[in-house]
Amino acid sequence: MAPNPMNRTLTDILIMVKRNLLRYRRMPQLIVFSFIQPVMFVLLFAYVFGGAIHTDTKYINYLIPGIIVQTVIFGAMMTGVGLADDLSKGMIDRFRSLPMARSAVLAGRTISETIRNFFVIIVMTLVGYAIGFRIEHGFFKYFLAILLTLLFGFAFSWVSATIGLAVKNVEIAQTAGFIWVFPLVFASSIFVPTNTLSGPVKWFAEHNPISYTTNTVRALSLGTPVGDNVWYSLIWAAALLIVFVPLAVYRYRKIS
Amino acid sequence: MSHQVTQYIKEARHHGLTNEQIMKALTDAGWQAHEILEFVLEPPRPAGASADAIISVRGISKQYDKTKALDNISLEVKRGAVTALLGPNGAGKTTLVRILATLLLPTSGEATVNGLNVVTQPQKLRSAIGLAGQYAAVDEVLSGRENLDMVGQLYHLNPATAKARAAELLKQFDLEDAADRPVKTYSGGMRRRLDLAASLVNHPKILFLDEPTTGLDPRSRFTLWNVIRELVEEGTTVLLTTQYMEEADQLANHIFVIDHGHIIAQGTANELKKQVGGDVLELHMTNHDDVSQAAELIKEFGDGEPQANSSNGIVIMPTSQGPSILVEVVRRLDSAQLKLSDIILRRPSLDDVFMKLTGHGTQSNE
Ligand SMILES: Nc1ncnc2c1ncn2[C@@H]1O[C@H](COP(=O)(O)OP(=O)(O)O)[C@@H](O)[C@H]1O
Ligand SMILES: [Mg+2]
């Protein structure tokens with residue numbers, strides 16, 4: 001009748017993950033739309049701006065790892081939107097009135113967004129392959145790159161969860177959740193090598209956690225040395241989790 | 001399973017065994033102590049609470065940033081009956097229900113539900129309650145069946161039991177035809193029924209219903225009333241909030257009238273009506289603008305100030321002078337050339353009680 005609390009928490013998280021993924025399956029348009037923007041970016045940068053950007057390698061091989069990080073970050077930002085939606089529709093009230101694990105709603109959300117992100121990475125890789133992207137250093141390293149990207153996205157989805165629970169409104173969550181991500185994404189090494197930038201923007205781009213992650217993912221894909229990037233990226237992911245998991249859980253408990 | 005235990009306890013009590021002895025026998029038989037306590041034995045009762053009170057609220061206050069939503073509220077809810085919190089919009093009904101359903105912490109005061117403290121034992125308490133909030137809390141993308149199934153699993157029913165319970169509830173609430181359609185295709189009444197079904201998945205001892213019929217058409221409202229009556233017959237305790245006098249009058253064994261975070265009156269519907277005393281004279285003016293003039297003319301026959309409502313053309317006044325005044329009232333209005341479409345002398349309704357107690361009507365009755 002009463003399994004141990006750890007099992008119970010896991011079961012509850014699983015139920016929530018199942019629910020969220022079922023929602024995505026019922027609304028495939030959400031998934032399709034989440035691909036349109038990154039595919040546009042790929043085409044835009046590969047065929048329009050790409051010619052003007054000088055990289056050590058074929059630009060498409062430079063671009064795709066960056067696009068993947070970008071897509072995963074934006075995807076992670078859907079966490080807060082989903083939670084705000086659940087809040088405004090009373091679903092969170094329903095869940096909070098049940099004897100389920102307190103952490104399951106948030107963990108279920110962030111894990112389902114991570115699973116969705118995994119599929120997004122696969123699709124973006126295939127899109128890249130169709131227009132000339134190649135993994136140059138074996139699939140195992142690329143797999144490690146995917147894992148790092150997912151971990152980084154998972155950390156960002158807890159930031160997004162905190163925002164979603166704070167603003168409680170889908171439209172505001174959409175704006176507030178994305179607005180601070182844009183400068184992080186564009187002043188980074190996602191589209192251009194940071195040494196082509198100058199002044200404070202260059203400094204910012206070089207110390208941007210998204211750049212560290214992108215550099216690592218790119219190096220693993222191209223087979224160049226990852227250097228310290230991977231450590232900085234992991235430290236950032238850990239730091240974000242240490243700060244935002246408790247903050248999001250605190251917010252969740254304090255919902256009134 | 002728990003049935004055997006209940007039976008055993010009944011017999012053991014009959015033979016004069018103490019709770020401690022019963023506990024020992026059951027634990028020896030392999031039952032977990034918390035299972036026995038949670039599901040079978042009577043919950044412990046807080047000091048000062050009466051035997052048949054299943055909810056006990058003592059001095060609860062809730063302060064939001066600026067608003068004091070509840071101001072030192074105390075009340076008791078009787079086991080196995082319907083209790084209504086009756087009050088206008090903003091009275092604090094939702095706040096109180098959310099505190100009792102463990103969704104919100106009180107600023108001060110204490111409350112127990114089924115013997116469990118809402119602040120210190122929320123998780124245990126949640127297994128015993130069901131909540132249908134003011135807005136239907138169901139996942140629009142999932143089907144009705146999937147919604148109920150999910151809730152059942154979150155109550156930790158095993159998957160087969162959860163499925164069976166979902167099917168049972170879909171049948172009970174006349175949702176079988178729509179069971180596998182996404183909820184976004186449901187009507188308002190169907191959503192409410194599904195929401196109520198979701199709150200009943202775990203056979204709650206206590207059911208909280210926050211404005212269960214607001215926004216429903218009369219037919220759906222009537223259906224829901226009957227569902228609530230059936231639940232109470234089966235032994236569920238219901239605490240519902242409402243803005244509708246009629247609803248409290250129809251359903252509730254006991255009514256707490258709440259306004260601005262205070263309980264301003266309580267009792268059965270009849271007891272509350274007696275507080276107004278006498279009768280109520282009701283004038284329906286053909287020309288809605290005549291109300292204040294009419295009120296002025298009939299004032300001297302009343303026990304209190306007449307209430308004139310120009311938006312519906314109705315004047316209401318408590319009186320204890322009986323039918324003899326009707327002739328004189330009609331004569332006066334006639335000589336002032338004020339046209340009546342109807343004149344009624346009736347027993348006071350809960351509306352009148354509310355009007356008298358608060359000096360203002362409820363939202364639903366303007
Ligand atoms: N989350 C909140 N933050 C601030 N004020 C609130 C909040 N919820 C309710 N209130 C205020 O508390 C009072 C009581 O509200 P509520 O309990 O919803 O009343 P009712 O359910 O009777 O309409 C109202 O004045 C309302 O504006
Ligand atoms: Mg309310």
Side-chain angles (χ1 to χ4, degrees), chain A residues 1-31 78 81-83 85-105 107-109 112 165 168 170 250-256, chain B residues 1-2 31-32 34-35 38-39 62 64-65 69 94-95 97-105 122-143 146-147 149-159 162 182-184 195 198-199 201-202 204 208 210:
Chain A
M1 196 71 197
N4 75 57
M6 191 64 194
N7 274 344
R8 237 175 149 146
T9 304
L10 287 180
T11 314
D12 289 345
I13 293 175
L14 231 99
I15 297 167
M16 296 315 295
V17 169
K18 229 177 76 186
R19 174 228 174 195
N20 295 332
L21 293 182
L22 200 59
R23 285 173 64 87
Y24 275 124
R25 221 177 68 192
R26 293 288 154 74
M27 302 185 294
Q29 68 273 22
L30 279 188
I31 305 262
M78 294 305 292
V81 178
L83 280 171
D85 188 45
D86 277 349
L87 257 178
S88 62
K89 298 235 167 81
M91 279 313 285
I92 300 273
D93 272 2
R94 162 74 65 214
F95 293 137
R96 287 174 77 236
S97 78
L98 298 177
M100 61 187 283
R102 299 281 84 184
S103 53
V105 171
R109 234 340 134 177
S112 7
L165 290 174
K168 296 179 182 161
V170 176
Y250 173 80
R251 276 267 165 212
Y252 183 81
R253 284 170 190 268
K254 284 283 168 180
I255 293 167
S256 59
Chain B
M1 236 155 66
S2 66
W31 288 83
Q32 303 278 314
H34 67 91
E35 285 176 321
E38 204 169 328
F39 298 111
K62 177 69 191 183
Y64 291 114
D65 294 340
T94 299
T95 302
V97 166
R98 288 173 65 86
I99 288 174
L100 295 176
T102 75
L103 298 182
L104 194 62
L105 290 174
Q123 197 69 333
K124 262 191 162 169
L125 198 163
R126 288 178 189 122
S127 305
I129 61 166
L131 167 70
Q134 197 166 346
Y135 307 98
V138 282
D139 192 319
E140 303 210 313
V141 181
L142 303 187
S143 70
E146 285 163 344
N147 267 286
D149 195 34
M150 173 179 72
V151 171
Q153 290 184 32
L154 290 171
Y155 272 116
H156 303 109
L157 305 179
N158 72 50
V183 171
K184 59 170 171 266
D195 192 44
S199 66
V201 166
N202 202 32
F208 296 107
D210 195 5

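Within every chain, numbering begins at 1; the chains are lettered A, B, ... in the order of the sequence lines, protein sequences first and strands thereafter.
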Inset, instruction - State, to 0.1 Å, how close B/Y155 and B/I129 come at their nearest heavy-atom pair, and which atoms those are. - result: OH-O, 3.2 Å

Inset, instruction - For each of A/D93, A/D86, A/I255, tally heavy-atom pairs with chain B at distances under 4.5 Å, and name the one with the top tally. - result: A/D93

Inset, instruction - Starting at OG1 of A/T9, measure out to CZ of A/R102 and round the result to the nearest 0.5 Å. - result: 11.0 Å

Legend entry - A/L98 portion near chain B, given a 4.5 angstrom heavy-atom threshold: both

Legend entry - Part of B/S199 lying under 4.5 Å from any heavy atom of chain A: both

Inset, instruction - Measure distances from B/N202 to the heavy atoms of chain A and classify the residue's part below 4.5 Å as side chain, backbone, both or neither. - result: neither

Legend entry - Side-chain touch B/V97/B/L103, heavy atoms, less than 4.5 angstrom: no

Legend entry - Heavy-atom contact with chain A under 4.5 Å, split by part of B/V138: backbone

Inset, instruction - Measure B/A136 against the heavy atoms of chain A and call it side chain, backbone, both or neither at under 4.5 Å. - result: backbone

Legend entry - No-hydrogen, no-angle side-chain donor-acceptor test under 3.5 Å, A/Y24 and A/S112: no

Inset, instruction - Check whether any side-chain heavy atom of A/R96 sits under 4.5 Å from a side-chain heavy atom of B/R98, and report yes or no. - result: yes

Inset, instruction - Counting only heavy atoms closer than 4.5 Å, note whether B/Q134 contacts chain A via side chain, backbone, both or neither. - result: neither

Inset, instruction - Find the one option among B/A198, B/G133, B/A101 whose heavy-atom pairs under 4.5 Å with chain A are most numerous. - result: B/A198

Legend entry - B/V183 vs B/L142 side-chain heavy atoms within contact, under 4.5 Å: no

Legend entry - For chain B, the option from A/R19, A/K89, A/K254 that forms the most heavy-atom pairs under 4.5 Å: A/R19

Legend entry - Where A/V170 and A/S88 come nearest, the two heavy atoms and their spacing: CG2-OG, 4.2 Å

Legend entry - Heavy-atom pair count under 4.5 Å with chain A, highest-scoring of B/L105, B/L131, B/D139: B/D139

